[in-house]
**Student:** 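Sharing a structure here in structure tokens format.
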2 protein chains.
Amino acid sequence: MLYNQCDMFTSSEENYLKAIYHLSSLTEKGVSTNAIAKKLDTKASSVTDMVKKLADKNVLIYQKYQGVNLTIEGKKIAAVIIRKHRLWEVFLVEKLNFNWDEVHDVAEQLEHIKSPKLIDEIDALLGFPTVDPHGDPIPNKEGDITIRKKVKLSALKENEETVLLAVKDSSDNFLRYLNKKKIAIGNTIKVINIEPFDNSVLVQINDIELLITNEVAENLLVKESHTI
Amino acid sequence: MLYNQCDMFTSSEENYLKAIYHLSSLTEKGVSTNAIAKKLDTKASSVTDMVKKLADKNVLIYQKYQGVNLTIEGKKIAAVIIRKHRLWEVFLVEKLNFNWDEVHDVAEQLEHIKSPKLIDEIDALLGFPTVDPHGDPIPNKEGDITIRKKVKLSALKENEETVLLAVKDSSDNFLRYLNKKKIAIGNTIKVINIEPFDNSVLVQINDIELLITNEVAENLLVKESHTI
DNA sequence: AATTATTTTTAGACATATCTAAAAATAATT
DNA sequence: AATTATTTTTAGATATGTCTAAAAATAATT
Ligand SMILES: [Mn+2]
Ligand SMILES: [Mn+2]
Ligand SMILES: [Mn+2]
Ligand SMILES: [Mn+2]
């Protein structure tokens, strides 16, 4: 059965490719059925079915019980969907007055719109951005990503100064916490003091001293520091 | 079976509602199964199935062999989808450099995006437009449409002057014909001469005299004329 | 009014994407 | 190494949306 050999994928197939792409960066081995199921909030049996179909389409390699690995082609398709997702997120924030904690669900829908011209024009309208509102890099049209070196704020030492580049956790709750504390991408952050007992950090952001827990510091990705 | 009583419709259901809405304006009686099938490029049997489902959801009235009629609720839902379609078309033309003959297929996809905030912000970004790139009116949030009085150019008499408000036929071929002849919405059109033999019309548009066939004149909708 | 043609509906099938429950394979413990 | 636990796959079912072919209802002709 070799019908439908055109490079068209359903929204569901695209979501699987994207999920597997993201999970691949977390492990050396193949991505497990269970991990995919958890990420997509579905059942392992559904994943097995879909994974077989995607293997038939040559976008991933599947071996029973051994998890899956994307092919070059599969990686490219996934990256292009991620490109669309992140460009739409920038659009929503820059042009439509969305907050960074409101964009994800809409971008999940918009990323599946099929139009050769649409996303290129959005890209141009936005001035060819390189990162999305959460600081995540935007792949180019070929699916290549340039990764900026980032470290967790929790890895810094006292008196080090840096810039907030991205958030590790993009959940609505965490983003809204940052809104409340007026912490935003691009802010300069200086580590004033680290409390040895619970690893909470006293930082200076926007000329204001602020105490953040270690959990927060673990989820803020900053430019590799240079002591001043 | 009363599950899923929330006002959420699938893309397919939305397409049926939209098709029926458009077909309703062409007939006094109920919209026939065959007409819907033709419009949506599907089979009559598929229409019967879907129409039963939509009747269960109270968005239309269905009586075997008698065609369907939208309920108030159904009309509103259809109008809101048409609103989204037309706002996206304006967006594509005004903000993303699309030509008016390139927007329809993308708008067919974008109209199904679910987001309370998205379409309102697009509306605001565009300055609350009242017509789409083809001159068709944009319903408001409640689904109300203000219809401008329009007449076919072919109904005008010699020496009458008017303004092009909309096109009746929005097919790519017709729109590209208009592009080629530099005829655009808003242009002033004066009827110079009507040839009795074939009803072809010599018009003046943009200070240029141009001969158009009756078929073209039938598809150009203009402001009701006043002899000058 | 009876026949013919057209439209519409029903019956049954198929593709996609999902699920539950049970079986099989792999991994972890004793 | 044998047992137990976990993960993964298979088998079979369900929901959506579509199709074809045949039956039923309606409309048009003779
Ligand atoms: Mn996102
Ligand atoms: Mn993001
Ligand atoms: Mn359109
Ligand atoms: Mn239009």
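Chain letters run A, B, ... following the sequence lines, proteins first, then strands; residues in each count from 1. The model shown is predicted, which means the values in this text are computed figures rather than measured ones.
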**Student:** Answer with base, sugar-phosphate or nothing: what part of the nucleic acid does A:Ser12 contact at a heavy-atom distance below 4.0 Å?
**Tutor:** sugar-phosphate
**Student:** With a 3.5 Å cut-off and no angle check, do the side chains of A:Asp198 and A:Ser200 form a donor-acceptor pair?
**Tutor:** yes
**Student:** Would you say the ring centroid of B:Tyr16 lies under 6.0 angstrom from that of B:Tyr62?
**Tutor:** no
**Student:** Using a cutoff of under 3.5 Å, can you pull out all pairs of nitrogen or oxygen atoms linking the protein to nucleotides 10-13 of chain C, with atom names and distances?
**Tutor:**
residue	atom	partner	partner atom	Å
C:dT10	OP1	B:Lys64	NZ	2.6
C:dT10	OP2	B:Lys52	NZ	2.5

**Student:** Taking the side chain as every heavy atom from C-beta outward, state whether A:Glu195 and A:Asn214 have any pair of such atoms under 4.5 Å apart.
**Tutor:** no
**Student:** Can a donor-acceptor pair be found, under 3.5 Å and without considering hydrogens, that links the side chain of B:Glu121 to the backbone of A:Phe98?
**Tutor:** no
**Student:** How about B:Leu220 and B:Ile212: do any of their side-chain heavy atoms sit closer than 4.5 Å?
**Tutor:** yes
**Student:** Give the dot-bracket line for DNA chain C from 5' end to 3' end: parentheses for intra-strand Watson-Crick or G-U pairs under 3.5 Å, square brackets for crossings, | for inter-strand pairing, dots for unpaired.
**Tutor:** ||||||||||||||||||||||||||||||
**Student:** Excluding sequence neighbours, so at least two apart, what forms side-chain contact (heavy atoms from CB on, under 4.5 Å) with A:Lys39?
**Tutor:** A:Ala19, A:His22, A:Leu23
**Student:** Rounding to a whole Å, what distance do you find between A:Gln63:CD and C:dT26:P?
**Tutor:** 11 Å
**Student:** Just the rounded figure in Å: distance from C1' of C:dT8 to CE of B:Met50.
**Tutor:** 18 Å
**Student:** Who pairs with B:Arg176 by side-chain contact (heavy atoms from CB on, under 4.5 Å), at least two apart in sequence or on another chain?
**Tutor:** B:Asp101, B:Asp172, B:Asn173, B:Asn179
**Student:** Kindly point out which of D:dC19, C:dT18, D:dT26 is positioned nearest to the side chain of B:Tyr65?
**Tutor:** D:dT26
**Student:** Is the shortest side-chain heavy-atom distance between A:Glu111 and A:Asn15 below 4.5 Å?
**Tutor:** yes
**Student:** Indicate yes or no: does B:Glu14 engage B:Lys84 in a salt bridge with an N to O separation below 4.0 Å.
**Tutor:** no
**Student:** I'd like to check the side-chain contact (heavy atoms from CB on, under 4.5 Å) partners of B:Pro139; sequence neighbours left out, ordered by chain and number.
**Tutor:** B:Ala79, B:Ile82, B:Arg83, B:Ile145
**Student:** Of the listed nucleotides (D:dC19, D:dA24, D:dT9), which one gets closest to any side-chain atom of B:Thr42?
**Tutor:** D:dC19
**Student:** Between B:Met8 (CE) and D:dA15 (P), how many Å, whole number?
**Tutor:** 20 Å
**Student:** Where along residues 15-36 of chain A does a heavy atom come under 4.0 Å from DNA chain C, residue by residue in number order?
**Tutor:** A:Tyr16
**Student:** Would a 4.5 Å heavy-atom cut-off, applied to side chains only, mark B:Ile119 and B:Trp88 as touching?
**Tutor:** yes
